[in-house]
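Before any comments, here is the structure.
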Protein chains: 2
Amino acid sequence: MASVDRSLVANLPMFAGLSPAEQDELLREARSIRYTKGSSVFDQGAQADRFFLLLHGHLRVEKTTPQGQQTVVRYVSAGELFGVAQAMNMTHYPATSVAAVDSIALAWPSSSWQRLIAKYPTLAASALQTVGSRLQDTQARVIEISNEQVEQRVAHALLRLAKQAGKKVDAGIEIDFPISRQDIAEMTGTTLHTVSRILSAWESEGLVEGGRQRIVLRDAHRLQGLAEGEEAIQVRRRGP
Amino acid sequence: MASVDRSLVANLPMFAGLSPAEQDELLREARSIRYTKGSSVFDQGAQADRFFLLLHGHLRVEKTTPQGQQTVVRYVSAGELFGVAQAMNMTHYPATSVAAVDSIALAWPSSSWQRLIAKYPTLAASALQTVGSRLQDTQARVIEISNEQVEQRVAHALLRLAKQAGKKVDAGIEIDFPISRQDIAEMTGTTLHTVSRILSAWESEGLVEGGRQRIVLRDAHRLQGLAEGEEAIQVRRRGP
DNA sequence: AGCGATCTTTGCTCCGGCGCAAATTCCCCG
DNA sequence: CGGGGAATTTGCGCCGGAGCAAAGATCGCT
């Protein structure tokens, strides 16, 4: 089990307001674990025996209904706290986390949570903030799905992904991990067919550039316009 | 400003794990405020200068988009903590809270939050749990809107309302505060027209009993079936 | 008791996007 | 370098439910 250097994590929100010595102590209790692309960090319904901090990589968090319907809840990027089910008094993980690319996370035993927040109150504040902003995001998503057309929702989803995990490339902004049309469909509450059609239409307009599990935003500005409800791009439909 | 008796609140989750003396001290810092039906406790976008505990009544929490689209985020029942924006490091309230019936709440200044959680760590834990379960609910709602037909969503919404604020009456379970078709539409991401049609169909099947801003579930069991995707009730459509 | 405002019901039409099916492209792996 | 499987694209038809319009039903108020 590798020990982690403080410098890697010192300026993450979770460690803000802690002295170097305290940071070291926290780190001493954690294990660092590698996850290969496609492997799961924890599974929906499993005992929530650890909580995590993602050091490197990207995770896809998904929920499956009893009927087998899958939904992508969100993506986790490096620096984020996740799997804090125990902190919310849940005994089991409510979703599955899968590594979208090879990733590294720190893991603490859930059982330490109570003791840690008693000792470091800023930890609780940090967790509260994490969960709070997650709640805001999720509520925003409800409103989006309720009130917007599919095309706007897809535009929003891509912009959010780009903001969270965008990498500048010559052609524009590339989403920094493999993501399929199916994934986007599951994020926006539609079908992969519709997503594919929309992306094709956008590609022919020069808004985006696609590929297998790969998306580059070429004109974020115009996408933003679409997301806000400007006239939609014509998705090829019956006609002359 | 009325002072509040400890016995009214002692067994709420927020006060769990505190000694009577500590409870009294917390209460001493709070003001009790009455809100008449239809008045707002706080408005979306306003400075988040207080956080609250609902003592009596029901609140509707709603968000409005810049384009004027409204969505009912949730209903707050007595005993719940709300308006804890500050605790999540937000300076402004993200939504509006309106009294659905005459209500009473305790209010603390947001500025006390940091001091209070430092002194009473269980408060932070309690808030974390509140926000956490709110997050779970909201995620469940995303999945519902994404994967279910309108009729199932309405069934789910009614069952949830009944569980949270149901009152047993002769005819079945009545939702204990005035709620319009429009409200239900805003909870389920549909239109009041569609909600009205569905409720009419259900009423003629004896599943529910409607009225102006009033709904009674007569057959929660069958509704549960609908919510889970059993064959839908035929909403009258063109035909022989 | 009467009036206006609000809420609810219901008919009709239209269309966005889903379901289904099939072809095509791309990538991984042997 | 050649399968084979996964991901993607695209055509076609249908239908759930939104949009629009208008007529009832109730409530609160004066």
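Convention: sequence-line order gives letters A, B, ...; per-chain numbering from 1. All values reported here derive from a predicted model rather than from experimental measurement.
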Gap between atoms [atom1] and [atom2], on [X] and [N] respectively (whole Å):
X	N	atom1	atom2	answer
A/Arg181	D/dT10	CZ	P	11 Å
B/Ile184	C/dC7	CD1	C1'	12 Å
B/Glu151	D/dC15	CD	P	17 Å
A/Trp202	D/dT9	CH2	C1'	16 Å
B/Arg214	D/dC27	CZ	C1'	14 Å
B/Ile198	C/dT8	CD1	P	15 Å
A/Glu203	C/dT25	CD	C1'	13 Å
A/Gln182	D/dT8	CD	C1'	11 Å

Minimum-distance nucleotide to A/Gln213 side chain [options: C/dT9, D/dT8, D/dG17]: D/dT8
Nearest-neighbour nucleotide for the A/Arg212 side chain, C/dG19, C/dC26, D/dT26 considered: C/dC26
D/dT10 base / A/His193 side chain donor-acceptor hit below 3.5 Å: yes
Any donor-acceptor N/O pair under 3.5 Å between C/dG16 base and A/Arg197 side chain: no
Ring centre gap for A/Phe51 and A/Phe82 strictly below 6.0 Å: no
Whether [Y] and [X] form a salt bridge (side-chain N of Lys/Arg under 4.0 Å from carboxylate O of Asp/Glu) is what I want to check.
X	Y	value
A/Glu80	A/Arg74	yes
B/Glu151	B/Arg197	no
B/Arg153	B/Glu144	no

Does a nitrogen or oxygen in the side chain of [X] sit under 4.0 Å from OP1 or OP2 of [N]?
X	N	value
B/Ser180	C/dC7	no
B/Thr190	D/dA18	yes
B/Thr194	D/dG17	no

Inter-residue atom distance A/Leu161.CG - A/Leu217.CG, 0.5 Å rounding: 8.5 Å
5'-most by nearest nucleotide on DNA chain D - B/Lys37 or A/Ser196: A/Ser196
Sugar-phosphate only, base, or nothing, as touched by B/Leu192 at under 4.0 Å among non-hydrogen atoms: base
Contact nearer the 5' end of DNA chain C, comparing A/Gln149 with B/Gly210: B/Gly210
